[in-house]
Amino acid sequence: MLSPWFLCRNEDLKEMLESNKESLKLEAMKRIVGLIAKGKNASELFPAVVKNVASKNIELKKLVYVYLVRYAEEQQDLALLSISTFQRALKDPNQLIRASALRVLSSIRVPIIVPIMMLAIKEAATDLSPYVRKTAAHAIQKLFSLDPDQKEHLIEVIEKLLKDKSTLVAGSVVMAFEEVCPDRIDLIHKNYRKLCNLLVDVEEWGQVVIIHMLTRYARTQFVSPWREDAVFDENSEKAFYDSEEERRVDQSKPYIMDPDHRLLLRNTKPLLQSRNTAVVMAVSQLYWHLSPKHELSIITKSLVRLLRSHREVQYIVLQNIATMSIQRKGMFEPFMKSFYVRSTDATHIKTLKLEILTNLANEANISTILREFQTYVKSQDKAFAAATIQAIGCCATNISEVTDTCLNGLVLLLSNRDETVVAESVVVIKKLLQTQPSQHSDIIKHMAKLFDNITVPMARASILWLMGEYCEHVPKIAPDVLRKMAKTFTDEEDIVKLQIVNLAAKLYLTNSKQTKLLTQYILNLGKYDQNYDIRDRTRFIRQLIVPNEKSGALSKYARRILMAPKPAPVLQSAFKDRDRFQLGTLSHTLNSQASGYLELSDWPAVAPDQSVRNVEVVEPQKNGNAVKVESRSESESGSESSSSESSSESRSELDSDSDSGTDQKKNTKPKPKTLNIMTKYILIHIVLSISSPFFVNCMCSLLHLCVFLACQFDAVSWPVRVSLQASSPVFVPETSHELLHRMTGKGLSAQYRFTRQPCIYGNSMVSLQLTLSNRTDQALENIHISEKSSTGQNIHRFNAIGELNTTKEDEFSVSIQPAVGELLLPITMSEADFTKEQGNTNTSYWHADETPTNQPIHFSACISRFAGKTVSSGSLVLVSVALKDPDAMITINTEKTVMGSMLLRQVKTALTNSGP
């Protein structure tokens, strides 16, 4: 129930939201978001907040969207009223607004808007901003949970996003893949190597998701590295053998690790140094499930390092170490002291450390561990002391050399003043005595003498079971114990009563002369007990051991039934069977299969075809129709450095494969180097093939050469318009940009600049000027643009320079990054046509107010406020600039603008887009 103060505050916030002042609205939204962060319910403000969803204030709109994401699902009817606003916001120039609009839209859980959501997700998946594409991946999961019938359409979007090279998108789309179609392993094949290479630069939680997915993938695509005939020669890593017999490897079918398998292990290894504990845990489980056994030791130090973290982190890490230590004791034995219990540890942490110490115990260190356990038994934490006694019992069972020592120590604990310690000691002793009962009859007698002082039901029941099971070893004491129990039968706990009945039945069969009447008395007491289990047990025992007319043939086998030898209990770790779950998962923590858990498959007997992971690069030929397909193997793609991409910056991927430097045979052709520079706008890929002979009689050296080429970035045509003519630019910058450095080009350097001249090969092509310089003292020949082009642009190439007189060639792959403004073509049009085009729905119209100045107004300054606007290929963009000073000049300069060049007609400008 809301307090009057809170209701009063809500009224104040409503008034502020309905104010005409943006500052008051912004302050109100900040306070509302603050209330949500504190866990307060602000749903009553939904009508007042949603009115501001169309605000032009960017900061205010962001906060409104934050609020709507939180309450859109609860207030669906009101949210639906603003759905048109959200759809318009999907086209907003600001990437944060577009992403927030999609997030709100996907938060409205109404089936009727599923088609709208699907359309929005498809458009966002192709957005220029990686942040928006990341949001689209998140929305996929929401839409799938709302309407699973959209699965096939969503898989198409996931397949497209999996090809995204942005590290911002990778983690989110893999999470969508895991939610929607985790069984579609075929979608990962082509993206496997890319994900491995991007892994280091992906944000931390994305790394966790990708690592878990790649763990499942690897278990289906690679054969087990745990075979005895394994050969590990990658990175000079020698094979590990435990004995001479294992050195006898079957040479007919030796195991050699798949390069893609090694790629995954190699690229995840650096993440063991991550500050995020979830990432370290994810890499550790990957190595546990995928790496050769001799490489497991590299994760040990990283896991031990995590024990310095918070208590919650320690709990998860210790659980996983407890599972590992059962199978691989040698991994953690050098760090045994790290698992010693501290007085400040919580009980559940102490218990897990105790479990690990028990698993690490062997003949060499058992004396040290038992001394440590002696201290733990004296702990004031009763639950921990009881767990320590159980650990001592496990050590006694697993290591036969210390069984007697442990048993004697437990007997001494029977004199402890703490009932919990005594009771747990009795239970453990009972289990140990089952292994060698004939040798320890004195211990049974000692326990019988202490029976009256023990009050814990489980301990009393354990002693009675021992008396009945081994009554023949203590024939004089057992009947006396039964006599005492007959007096207190009605006051005992149910578990004790059941063992009294069992003891009476066994003594009746072995010593009926002394216990016949006593047994009948106890059976009569049990016949009228309030607990139906005890009544049923009593009736069954009476018919079994006391023959009468109604007794069947079963009574003949009473002794064989009740006195049958029981197998000794196996004291084993509670984590013995947890390895059936993948480490680091919720199912492993709970030791029960949780909802959504994906099991790891068994290793395939024969590895599937590894060529499915080869990436096909389509390369256009001269005729523009024939296509050459080249498959890139792991040796090429695996060595690429991973790249990350933000919303405002572009990164580069550089293949680190270098020439060996050795002499090539005459007909041998070296592998090309690859440099891909990607921006969020466009990628132009030009490969320069240079033949570099070394002449004794040097020809006239090529010092500088300017050549021109045209690139068709998108094969589109202008829409036909009246009086629409291309014109020459008013301003052409002289700035050149480096295309090929002389070090990379082995003496050849190249620079490029945009001439901004109409291209003679087509209106949809952009002219470039290349300046090639020879920085060496040898002649360079046959300089030309090769046929390779990764993005399929149509390039009008210049003729080869010089003749080819040698077979040795160097190929350099470079990329040109044009400012988007360079892809726009200036045009001229009449005043009437300009006014007419303003009413065309397919035409973009921008308007800006400009302050008067006596200096030329560069377009890069006045158009900056239009940053983020988008135009489609072949579309017309009109810009008008209002000048207070009619004598002011406007000079076109688009070298650094976001949206390109245009021609001014008085105070109005028109342009058309010749690129994408």
Side-chain angles (χ1 to χ4, degrees), residues 411 414 426-427 429-454 457-529 533-569:
V411 171
L414 295 177
V426 170
V427 174
I429 289 173
K430 170 218 165 187
K431 295 178 180 178
L432 292 178
L433 288 180
Q434 288 184 253
T435 59
Q436 298 173 333
S438 60
Q439 301 178 14
H440 302 289
S441 57
D442 293 339
I443 296 177
I444 299 176
K445 294 176 182 179
H446 181 68
M447 295 173 66
K449 294 177 182 178
L450 298 174
F451 186 81
D452 293 338
N453 299 325
I454 298 175
M458 179 58 73
R460 293 172 67 86
S462 297
I463 294 176
L464 291 174
W465 187 89
L466 282 173
M467 292 295 167
E469 188 68 18
Y470 307 113
C471 58
E472 295 178 349
H473 298 286
V474 286
K476 296 180 180 180
I477 297 178
D480 191 54
V481 172
L482 182 62
R483 178 183 59 80
K484 291 181 179 180
M485 298 311 301
K487 296 179 181 180
T488 61
F489 183 87
T490 55
D491 298 327
E492 298 290 346
E493 294 290 335
D494 293 341
I495 188 174
V496 180
K497 290 179 180 179
L498 289 173
Q499 292 304 324
I500 293 173
V501 173
N502 286 341
L503 175 60
K506 292 177 181 179
L507 287 176
Y508 182 87
L509 295 175
T510 59
N511 190 3
S512 61
K513 292 182 181 180
Q514 287 183 302
T515 60
K516 182 176 181 180
L517 295 176
L518 194 57
T519 299
Q520 291 179 353
Y521 174 73
I522 291 175
L523 293 177
N524 288 332
L525 291 175
K527 182 179 180 180
Y528 301 102
D529 194 87
D533 283 337
I534 297 174
R535 294 196 302 268
D536 292 346
R537 177 71 64 88
T538 301
R539 294 189 183 98
F540 169 72
I541 293 295
R542 184 186 297 275
Q543 294 295 324
L544 184 63
I545 66 174
V546 183
N548 54 37
E549 297 179 356
K550 297 181 179 180
S551 299
L554 193 61
S555 60
K556 298 178 182 179
Y557 306 99
R559 186 179 182 88
R560 294 177 60 181
I561 293 173
L562 293 177
M563 304 302 293
K566 281 75 172 178

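This structure is a prediction, so every number in the text was calculated from the model and none was measured.
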Taking every non-hydrogen atom, the tightest pair across [X] and [Y]:
X      : Y      : value
Ala448 : Met467 : CB-CE, 2.8 Å
Arg460 : Ile454 : NH1-O, 2.8 Å
Glu492 : Lys497 : O-CE, 3.1 Å
Leu498 : Asp533 : CD2-O, 4.4 Å
Ala505 : Leu562 : CB-CD1, 3.9 Å
Pro475 : Gln514 : O-OE1, 4.5 Å

Is any side-chain heavy atom of [X] closer than 4.5 Å to a side-chain heavy atom of [Y]?
X      : Y      : value
Thr538 : Tyr528 : no
Asn511 : Cys471 : no
Met447 : Leu450 : no

Query raised in the report: What residues form a side chain to side chain contact (heavy atoms under 4.5 Å, CB included) with Pro457, not counting sequence neighbours?
Result: Glu493, Ile495, Val496

**Report entry** Residues Val426, Phe451; criterion side-chain contact (heavy atoms from CB on, under 4.5 Å); working and verdict
**Finding:** CA-CA 10 Å; Val426 170; Phe451 186 81; over 6 Å; no

[atom2] on [Y] to [atom1] on [X], rounded to 0.5 Å:
X      : Y      : atom1 : atom2 : answer
Lys430 : Ile463 : NZ    : CD1   : 11.5 Å
Ser512 : Leu517 : OG    : CG    : 10.5 Å
Ile429 : His446 : CD1   : NE2   : 8.0 Å
Ile545 : Ile561 : CD1   : CD1   : 12.0 Å
Tyr470 : Met563 : OH    : CE    : 10.0 Å
Arg537 : Asp494 : CZ    : CG    : 11.5 Å

Query - Partners meeting side chain to side chain donor-acceptor pair (under 3.5 Å) with Asp452 (sequence neighbours left out) - result: Lys484

Query raised in the report: Distance-only, no hydrogens or angles: does the Thr515 side chain make a donor-acceptor pair with backbone N or O of Leu507 under 3.5 Å?
Result: yes

Requested in this report: Any chance you could lay out the side-chain contact (heavy atoms from CB on, under 4.5 Å) test for Ile444 and Ile477, step after step, and finish with the verdict?
Outcome: CA-CA 10 Å; Ile444 299 176; Ile477 297 178; over 6 Å; no

Requested in this report: Determine, step by step, whether Leu466 and Glu469 satisfy the side-chain contact (heavy atoms from CB on, under 4.5 Å) criterion, reporting the C-alpha distance in whole Å, the side-chain angles of both residues, the deciding distance to 0.1 Å, and the verdict.
Outcome: CA-CA 5 Å; Leu466 282 173; Glu469 188 68 18; 5.8 Å; no

Query raised in the report: If you count the non-hydrogen atoms of other residues, nucleotides and ligands that lie under 6.0 Å from CD in Gln520, is the total more than 12?
Result: yes

Query raised in the report: Would you find more than 12 non-hydrogen atoms of other residues, nucleotides or ligands less than 6.0 Å from Met458 atom CE?
Result: no

